[in-house]
Student: 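Below: one structure in structure tokens.
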Amino acid sequence: MTRLAFLSPDNAAPGVALVSPLQHALGEGVADVSHLGKLELRGPRDAVEPGPGEELLPLSPTRALLVTDGSPARARERLHGDGLRVYDMTAALAACEVEGEDVLRRLTELDLERLPAIGSIARGTPAIIDRREGERFRIFVPQELGHHLVEVILDTLRGLGR
Amino acid sequence: MTFLLDCPNCGPRDVYEFKYQGEVTRRPSGRPSQREFSSYVYFRDNVAGAQREWWCHRIGCGQWFVAERDTRTNAVLGTEIPAPARSSAR
Amino acid sequence: MRLPKQPGERIDRETAVSFRFAGAPVSGFVGDTIGSALYAGGRRVFSRSFKYHRPRGLLCCSGHCPNCLMTVDGVPNVRVCVEPVREGADVRAQNVLGSLDRDWLSVVDRVGGPFTPVGFYYRTMIRPRRAWPLYERLLRNMAGLGRVPAEHEPRRYDTEHRAVDVLVIGGGRAGRRAAARAAGEGRSVLLVDERGGSDADGYRVLAPARAIGIYEGGLVPIDAGDLLYRVRATRIIVATGSLEQPLVFPGNDLVGVMLPGAVRRLVDEWAIKPGECAVVIGADERGLDVTDQLERAGVEVAAVLDLRASDPRRIAAVGGGGRVRAVEIDSTERLPCDLVVVSGGRQPAYSLLAQAGATVDYQPRKGIFVPTNLPPGIEAAGSAAGAAEESAAPRASYDAGKGDRCFVCVCEDVTEKDLERAVAEGFDSIELAKRYTTVTMGPCQGKLCHVPSIRLLARATGTDEDAIGTTTARPPWAPVELGLLAGRHHEPMKRSPLHFRHEQAGASMMWTGAWRRPFAYGDVEAEVRAVHERLGVIDVSTLGKLVVEGAQAGELLDRLYPNRLSDLAVGRIRYGVPTTDGGRILDDGTVARLHGDLFYVTTTSTGSESVCEWFEWWNAVWGYEAEIVNLTGALAAINLAGPQARNALATLTDADVSNEALKYLDARELAVAGVPCLALRIGFVGELGYELHCPASAAEHLWDALVAAGAAPFGLEPQRILRLEKAHVIIGQDTDSESNLLSAGMPWILKLDKDDFVGRFAAELIRERDLGERLVGFTLPAPTLPAEGAQVVIDGRPAGRVTSARVSQRIGKTIGLAWVPPQLAENGAEIAIRVDGSLARASVTLSPFYDPDGERLRS
């Protein structure tokens with residue numbers, strides 16, 4: 001078994017129902033994508049080539065977040081080694097998507113032209129923000145603050161009349 | 001405080017994204033006298049001027065770095081990731 | 001009655017708007033302000049002054065002075081001269097007893113004068129001291145600026161971030177020019193103006209909106225009513241213009257005395273005749289050419305006094321019933337008039353520049369303060385920079401030394417005499433005089449009275465304006481609603497992955513730092529009994545969890561902890577207590593070695609971030625080959641505890657969980673109910689127990705399986721009782737920032753035969769010296785229960801304190817932990833604890849109250 005196997009929800013038996021941290025938080029205008037596989041890479045992340053269904057979000061010269069549609073445990077097996085350490089953060093991070101630069105401008109001071117970036121959202125919640133197509137944004141936050149973030153986003157949408 | 005601090009990785013960000021860890025000090029090595037030890041634990045230079053200090057980009061990339069900041073104006077003169085000293089000097 | 005259509009007027013004569021003032025209907029047009037509509041309808045008295053309740057009329061019509069403050073739809077302190085009309089608005093006067101035209105409190109002005117000189121409340125009304133609350137209430141009701149309504153529908157305020165290359169503050173000619181130039185250079189430009197304006201070629205306009213101040217980092221918050229823009233700009237161009245200054249002369253606060261800008265607006269924008277007959281007094285061209293508007297409006301101009309050409313010693317406005325009736329200039333005859341248009345020049349609005357760090361210099365020829373030494377990134381344009389036209393410097397006052405009452409500060413009712421008295425009493429510097437007299441501290445914040453007060457102080461002290469200087473300029477530039485600064489309120493609540501299971505089970509939730517945790521699910525004692533007798537389960541997901549992984553992970557941990565950890569066997573756990581270099585306890589938790597180069601560290605719930613940062617910082621300094629990863633949120637943790645724990649666990653896993661295979665302080669990875677877990681066999685609550693760490697998204701499944709296997713959920717309060725029965729210390733509850741390992745009763749943790757570690761110097765020093773207080777357990781006969789913090793008393797003096805206390809049904813007594821002097825830190829010693837005013841006798845015990853040898857833990 002790979003090390004820290006107890007970190008990966010992937011390693012749960014088939015009958016185990018996995019639950020999203022946003023299960024009770026959602027509302028119109030916010031999409032839950034917490035199911036996505038997420039791996040934190042530490043070390044020489046420049047050498048990493050994202051595979052099919054994978055995206056690499058650089059966070060610093062020695063850190064990156066690899067987001068995958070597929071199995072994060074398998075991606076980890078592939079990547080771990082050669083000085084690169086890989087930690088399965090699939091359950092650690094809640095993720096959601098929202099449409100509109102105007103919403104983001106009310107949530108964060110981060111420069112929306114220079115994404116992906118890691119910084120503060122909603123007055124102090126650490127977040128990784130990535131731009132999808134056009135004005136669609138994907139936001140990753142620690143799962144324990146996911147519900148709080150969605151509440152703030154929904155309130156912000158209300159303030160914009162949406 | 002609303003000044004911008006330059007994270008070596010992420011660039012200028014609002015200071016509230018960071019945690020302040022204080023003046024860069026020299027940790028005594030070997031067996032310090034009580035006076036040396038007390039100075040190190042309790043006293044700081046606290047200059048009115050350019051000060052070297054530790055910061056961490058807490059709500060961000062997590063990088064620990066040293067900034068030089070003018071304590072009178074909060075003008076940030078520079079930031080760097082110092083090479084770690086493999087000794088007890090700080 | 002309006003004038004014929006004026007070029008550039010703002011009113012739309014086709015669209016009428018009506019509102020109510022003091023219960024009676026008032027009509028106006030779209031484009032009017034509430035103030036202009038009231039004036040057009042004949043109202044001349046708009047407010048009663050702060051202290052003396054003198055009638056006041058429109059003075060500036062620019063939103064600077066306090067004279068038109070009214071309460072609109074329940075919102076107090078609205079400057080109606082710039083507040084657009086609203087259909088159906090309910091407008092009322094404030095700070096009056098009666099009506100604006102008949103305010104009973106104006107008796108203060110007639111009678112109270114001698115009793116209310118500057119600073120009177122420091123001399124009269126101070127005895128008897130007991131009566132001060134009564135005086136205070138009286139004064140509060142007699143002087144004020146409107147009331148906040150008791151019931152008010154809370155408004156919604158939002159905040160938005162913007163970033164631009166260039167921010168131009170002020171949309172006048174100079175501002176617009178600067179914005180266009182910057183846009184032409186390809187920069188992103190934003191212009192903000194208090195009044196109005198629309199986007200132009202190449203730049204966006206925010207209007208009506210007001211820049212509140214200039215803060216560090218090029219941050220300019222902009223008040224746009226119910227939206228606060230936090231704008232960051234690389235270059236800030238301040239084009240805020242200049243402010244017409246009033247003159248100080250007897251009668252200068254009478255209704256009918258106006259600044260030229262007010263007349264210009266009344267005529268040009270709202271087509272209103274400002275009066276019948278006017279006297280114009282000005283110190284510059286702009287102040288004097290208001291005669292154009294007066295002529296256009298058909299107002300008779302009785303006299304024009306150009307202060308550049310003549311220098312009278314006395315100007316006096318003579319009133320009747322609070323309104324101007326005539327003006328006297330030196331000893332000439334009275335000039336009957338109902339309007340006096342005065343200007344003492346235009347003072348650059350430098351406040352934002354000063355906030356940004358600019359200094360100011362006095363220019364005696366023009367009588368103005370001009371900003372200089374602008375810091376990098378800050379520019380001034382237009383008259384704000386001091387590029388004003390030629391102007392006469394007015395006298396400090398025009399009462400020819402006769403001592404007639406002239407007002408310096410109409411906001412706070414501060415007179416010339418008040419300032420002179422302040423200087424005579426020794427408050428002769430501007431900062432002292434300001435605080436003593438409250439001049440410039442009212443709604444206008446010195447826009448109309450700062451420079452005049454400086455002139456008066458210069459004269460009273462026999463110095464000059466340069467020597468007096470200015471007071472520190474601070475934000476906000478104009479009043480801002482607190483709600484706007486607060487924005488939306490969202491408590492950042494951290495929820496455990498099992499949060500909804502607790503809510504569904506009816507737990508009462510409490511805060512632990514930013515986390516929400518269950519206090520208990522119902523009957524606290526039943527939950528305690530369940531753990532002692534059968535099986536309980538508690539959510540401890542909030543614990544900090546760190547992985548320290550790398551070739552030098554063990555060495556790093558040896559230097560961070562007083563314990564030795566590098567010799568921990570794989571699969572074993574130790575209790576670790578990191579300390580500061582001052583030897584003080586920082587936190588506590590467990591350290592498990594999962595592999596040769598991989599350690600799994602737990603911390604307290606509130607310490608997870610700070611311990612992780614502490615470790616990372618030291619490693620940034622030392623550079624050991626070790627990665628520190630915070631997995632606090634990645635993993636849930638559930639503590640399964642009670643005599644049935646092993647049996648229940650065995651039904652849910654194929655792994656061998658016998659006492660031999662998984663003994664006390666072992667760490668094993670295994671699957672429970674199909675969920676991959678790390679099991680730590682530790683014993684915070686004193687019974688056989690397993691702390692199961694699993695991926696957060698599988699927590700509900702695991703919890704449900706454990707509950708189905710017979711585990712009763714228990715919350716923080718039963719956990720507190722259980723741990724107290726074992727005398728287990730809670731860092732931060734039983735220890736504080738001064739506690740060290742030896743005084744807290746944990747000497748075995750210190751391994752001084754190691755090399756250097758954080759806290760080593762201090763540990764050696766502490767060992768050599770007298771320990772001072774010690775943390776001990778105590779018992780008392782139930783049901784006496786000391787509060788947390790209750791004093792331990794020796795000979796009537798405080799000698800220690802209780803940190804935790806509970807009644808334990810199991811032990812049959814009250815048990816607790818307390819700090820006591822070392823001579824009492826012995827089994828059986830008697831200590832006195834103050835409980836409800838009397839002293840209770842307690843008995844010290846140094847071992848756990850329940851299962852002192854830990855047999856149940858190790859079974």
Student: Check whether Leu110(A) gets within reach of chain B through its side chain, its backbone, both or neither, counting any heavy atom under 4.5 Å.
Tutor: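 Contact with chain B: side chain only.
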Student: For the atom pair CD1 (Ile118(A)) and SG (Cys61(B)), what is the distance rounded to the nearest 0.5 Å?
Tutor: 7.0 Å
Student: Quick one: CD1 on Ile59(B) to CD1 on Ile121(A), what's the gap to the nearest 0.5 Å?
Tutor: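 Answer for the CD1-CD1 pair, Ile59(B) versus Ile121(A), is 12.0 Å.
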Student: For chain B, which candidate among Gly124(A), Ala127(A), Ala117(A) shows the most heavy-atom pairs at distances under 4.5 Å?
Tutor: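 The candidate making the most pairs under 4.5 Å is Gly124(A).
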Student: Can you see which heavy atom on Arg13(B) is nearest to which on Gly119(A), and at what distance?
Tutor: NH1-CA, 3.5 Å
Student: Need one label for Thr62(A): side chain, backbone, both or neither, based on atoms under 4.5 Å from any heavy atom in chain B.
Tutor: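 Neither part, no heavy atoms under 4.5 Å.
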Student: More than 12 non-hydrogen atoms from neighbouring residues, nucleotides or ligands closer than 6.0 Å to CZ on Arg31(B), yes or no?
Tutor: no
Student: Looking at Arg74(A), I'd like to know if its CZ atom is crowded, meaning that more than 12 non-hydrogen atoms belonging to other residues, nucleotides or ligands lie closer than 6.0 Å.
Tutor: no
